[in-house]
Amino acid sequence: MFNTRVKIKELLASEQTGHEVTVMGWIRTFRNNQFIALNDGSTNNNLQVVVELGLLDEATLKRLTTGASIKVIGEVVASLGKGQKVEVKAKTLEVLGDSDAEKYPLQPKKHSLEFLREKAHLRFRTNTFGSVFRLRNSLAFAVHKFFNEKGFVYLNTPIITSSDAEGAGEMFRVTTLPFDNPPRNEDGSVNYTEDFFGKSTNLTVSGQLEGELGAMAFSEIYTFGPTFRAENSNTTRHLAEFWMIEPEMAFNDIEDNMNLAEEFIQYLIRYAMEHNMEDLEFLDARLADEEKSKPVAERSEFGLIEKLKFVVDNQFERITYTEAIQILLDSPAYKKKKFKYDVAWGIDMQSEHERYLVEKHFKKPVIVTGYPAAIKAFYMRLNDNCEEGKQTVAAMDILAPGIGEIVGGSQREERLDKLEKRMNEMHIPLEEMSWYLDTRRFGSVPHAGFGLGFERMVLFVTGMTNIRDVIPFARTPKNCEF
RNA sequence: UCCCGAAUAGCUCAGUUGGUUAGAGCAUCUGACUGUUAAUCAGAGGGUCUCUGGUUCAAGUCCAGAUUCGGGAGCCA
């Protein structure tokens with residue numbers, strides 16, 4: 001058997017000495033012709049492998065370069081040096097894979113995130129990205145754990161879909177037709193009946209509508225999968241391909257929905273703090289270092305771990321849209337005309353408004369409910385007893401400091417007549433959505449759900465500031481490497 | 001898509017009112033040293049100044065366009 005190695009994380013944690021081990025990993029640095037800092041991705045902490053003088057010939061020593069992979073058998077001993085408690089004194093050392101130091105892009109020095117983005121295939125070998133992607137892994141696992149513990153059914157909604165009625169965003173077309181010469185109808189339009197699926201299809205922009213079908217049978221489901229938006233968005237918080245978590249719960253109203261979303265977010269953060277404290281500490285220090293280079297006024301009040309603790313220990317602020325607008329109108333920022341966009345009941349709040357509420361006014365995550373119907377999707381439940389001309393829906397957005405909208409959700413319109421009326425008003429073809437309307441025709445129940453952008457959650461937990469740095473291989477406009 | 005900014009060595013960056021042979025730190029290589037922590041010390045190599053066009057006796061430097069990247073906005077998760 002080849003793999004009898006011990007993982008570096010376990011070896012460093014046990015602090016046991018006197019026994020022989022096999023370790024394998026990649027060389028981070030080789031100092032003094034004697035000390036190898038070895039990393040295997042299990043932790044940011046390197047294992048110091050000591051190569052005593054005379055153990056290796058000149059030629060082998062030359063092959064111990066940054067990035068090279070090695071297998072070492074040796075004794076775990078107490079370290080004489082200061083940086084670590086234990087180290088491995090090598091008895092045999094085998095180079096598994098060479099790494100030409102002149103060509104290997106990662107140098108034993110600090111690199112910019114922009115540079116590493118171009119070397120996305122190698123950036124996992126750095127401390128920052130090691131921590132980020134170990135955290136991403138933990139958070140993904142915690143997502144499943146949370147819903148599993150609550151008895152939700154994990155439902156895989158389709159990635160290729162013919163449903164285009166949701167209007168959540170521009171879609172990527174899926175076709176096998178030759179794009180330079182597609183079959184055409186008599187009127188010149190493309191004849192999709194000859195396409196692979198016999199109709200026009202796209203990559204999904206949301207699994208919600210299919211998720212509702214599941215909730216109408218299992219009571220509570222969630223999806224966790226890739227989502228695609230062909231928007232030409234060039235920001236630090238948008239991706240063309242991202243992962244979204246969408247729970248959908250029958251017999252739940254907007255209140256239950258908010259409670260679940262808040263509990264969910266806090267659960268994920270708590271899980272990360274319990275299982276990845278080392279990585280959080282590394283990112284906390286990294287962020288603190290970054291902050292030092294900023295002007296004092298732009299520095300954040302909290303460190304990363306401080307921020308996470310605060311979010312876990314405190315309830316999210318809950319306000320209605322109408323209250324939010326009033327807070328903005330009463331704000332010094334509004335009175336001093338600091339906002340670029342005007343504030344009035346009915347507006348779709350701009351990010352400057354959301355940031356004011358979250359970062360200046362409440363200084364904590366905020367859940368906003370009861371948005372005007374006119375600016376929200378067709379499936380959101382119309383609130384009863386609204387003031388004349390101020391029809392609202394049972395929608396809720398969770399706004400997080402530094403990220404903005406991290407969750408968007410609503411109680412769904414379960415009343416067939418009201419839903420059909422709304423769809424007609426918004427020119428959504430009822431015939432094509434017949435399968436969706438069946439949930440309201442046969443045993444309709446009050447239900448609710450939300451969508452959480454996984455990468456935005458990872459951004460929040462890691463303290464990274466660009467969404468391209470929290471997904472292994474980012475897909476953004478004009479960029480599809482690897 | 002819009003606004004702003006940037007592009008010079010492997011990386012991070014200097015580069016004066018346009019003027020001879022474009023610099024530094026780190027990395028790399030060579031040598032020294034050998035209980036080092038991004039080791040240290042000495043030396044060496046390394047450049048189509050993003051691309052295209054223009055102005056000029058002369059362009060890394062000025063102008064126009066393109067490309068890519070970064071920050072912000074919109075759209076949203």
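Source: prediction; values computed, not measured. Proteins come first, then strands; the chains are lettered A, B, ... in the order of their sequence lines, and each starts at number 1.
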To the nearest 0.5 Å, tell me how far A:Thr204 OG1 sits from A:Phe228 CZ.
8.0 Å
Is there a side-chain contact between A:Ser351 and the phosphate of B:G74, meaning an N or O under 4.0 Å from OP1 or OP2?
yes
What interatomic distance, in whole Å, is found between P of B:A24 and the corresponding atom of B:A32?
26 Å
Using 30° and 60° as the class limits, which term best fits the ring planes of A:Tyr356 and A:Phe339: parallel, tilted or perpendicular?
perpendicular
Pairwise P distance, B:G70 and B:U8 [rounded to whole Å]
14 Å
Give one of base, sugar-phosphate or nothing for A:Tyr341, where a contact means two heavy atoms less than 4.0 Å apart.
sugar-phosphate
Does A:Arg117 make a side-chain N or O approach to OP1 or OP2 of B:G70 shorter than 4.0 Å?
yes
Quick one: is A:Gln48 getting a side-chain N or O under 4.0 Å of the B:U36 phosphate, OP1 or OP2?
no
B:C76 base / A:Ser233 side chain donor-acceptor hit below 3.5 Å:
no
Can you tell me which stems involve RNA chain B, if a stem is defined as three or more consecutive Watson-Crick or G-U wobble pairs, both distances under 3.5 Å?
B:1-7 with B:67-73, B:10-13 with B:23-26, B:28-32 with B:40-44, B:50-54 with B:62-66
Test item: A:Asn257 side-chain N/O and A:Gly449 main-chain N/O as donor-acceptor pair under 3.5 Å:
yes
Can you give me the N/O atom pairs linking the protein to nucleotides 39-46 of chain B at distances under 3.5 Å, or say none if there are none?
residue : atom : partner : partner atom : Å
B:A39   : OP2  : A:Thr29 : OG1          : 3.3
B:A39   : OP2  : A:Arg31 : NH1          : 2.4
B:A39   : N6   : A:Asn32 : OD1          : 3.1

B:A73 phosphate, OP1 or OP2: any side-chain N/O from A:Arg355 under 4.0 angstrom?
yes
Indicate whether OP1 or OP2 belonging to B:A73 is found under 4.0 Å from a side-chain N or O atom of A:Asn234.
no
Phosphate OP1/OP2 of B:G72: any A:Arg237 side-chain N/O under 4.0 Å
no
